[in-house]
Amino acid sequence: MAHYQSQITQFLNDLKKSNPEIEKGQLLGRALLWDKAPIRLDEQKRIKLARVAQKPYVYSND
């Protein structure tokens, strides 16, 4: 049971073996969308102060 792999896992492993550039593309996509540089404290404070408070009911014309 310790060596069991589902068909999906086997398929993905075979796909990655036949196309090694897939993993590089995954890492680049992750870096593009998720891995962000840390924001400096003064920049965080400026962003917080610039934020406009949202009304409790956003669809109101008041």
Side-chain angles (χ1 to χ4, degrees):
M1 182 86 179
H3 298 287
Y4 171 77
Q5 286 188 341
S6 69
Q7 289 179 343
I8 303 242
T9 303
Q10 291 173 2
F11 169 76
L12 290 174
N13 288 337
D14 291 340
L15 183 66
K16 286 182 180 181
K17 283 180 189 174
S18 64
N19 298 322
E21 68 275 356
I22 286 178
E23 209 157 343
K24 290 178 187 176
Q26 287 177 327
L27 292 174
L28 289 174
R30 177 194 163 102
L32 178 67
L33 297 174
W34 296 103
D35 298 338
K36 304 292 181 188
I39 300 175
R40 294 187 327 263
L41 291 176
D42 59 334
E43 185 72 11
Q44 282 180 344
K45 185 176 181 181
R46 186 187 68 75
I47 291 171
K48 187 175 181 180
L49 290 173
R51 182 167 285 150
V52 177
Q54 182 176 347
K55 296 178 183 179
Y57 184 70
V58 295
Y59 300 108
S60 175
N61 290 332
D62 296 336

A.B. asks: If you look at every heavy atom in Gln10 and Gln5, which pair is closest and at what distance?
C.D. replies: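 Answer, listing the atom of Gln10 first, then Gln5: NE2-O, 3.2 Å.
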
A.B. asks: Would you find more than 12 non-hydrogen atoms of other residues, nucleotides or ligands less than 6.0 Å from Glu43 atom CD?
C.D. replies: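 Yes - once you tally the heavy atoms of other residues, nucleotides and ligands closer than 6.0 Å, there are more than 12.
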
A.B. asks: Is the number of heavy atoms from other residues, nucleotides or ligands under 6.0 Å of Lys48 NZ greater than 12?
C.D. replies: no

A.B. asks: Could you state the interatomic distance from CG (Leu32) to CG (Leu27), rounded to the nearest 0.5 Å?
C.D. replies: 12.5 Å

A.B. asks: Within a reach of under 6.0 Å around CD of Glu21, are more than 12 heavy atoms found that belong to other residues, nucleotides or ligands?
C.D. replies: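 Count over threshold, so yes.
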
A.B. asks: Does any pair with a residue in residues 23-33 pass salt bridge (charged side-chain N to carboxylate O under 4.0 Å, His left out), and if so which ones, sequence neighbours excluded?
C.D. replies: Arg30-Asp35

A.B. asks: Would you say CG of Leu15 has more than 12 non-hydrogen atoms from neighbouring residues, nucleotides or ligands within 6.0 angstrom?
C.D. replies: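 Enclosed: over 12 neighbouring heavy atoms sit under 6.0 Å from CG of Leu15.
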
A.B. asks: Among Lys45, Arg46, Arg51, exactly one meets side chain to side chain contact (heavy atoms under 4.5 Å, CB included) together with Leu49. Which residue is that?
C.D. replies: Lys45

A.B. asks: Nearest 0.5 angstrom please: Ile8 CD1 to Asn13 CG, how far?
C.D. replies: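 One finds 12.0 Å between CD1 of Ile8 and CG of Asn13.
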
A.B. asks: Out of curiosity, Asp42 CG to Ile47 CD1, how far, rounded to the nearest 0.5 Å?
C.D. replies: 9.5 Å

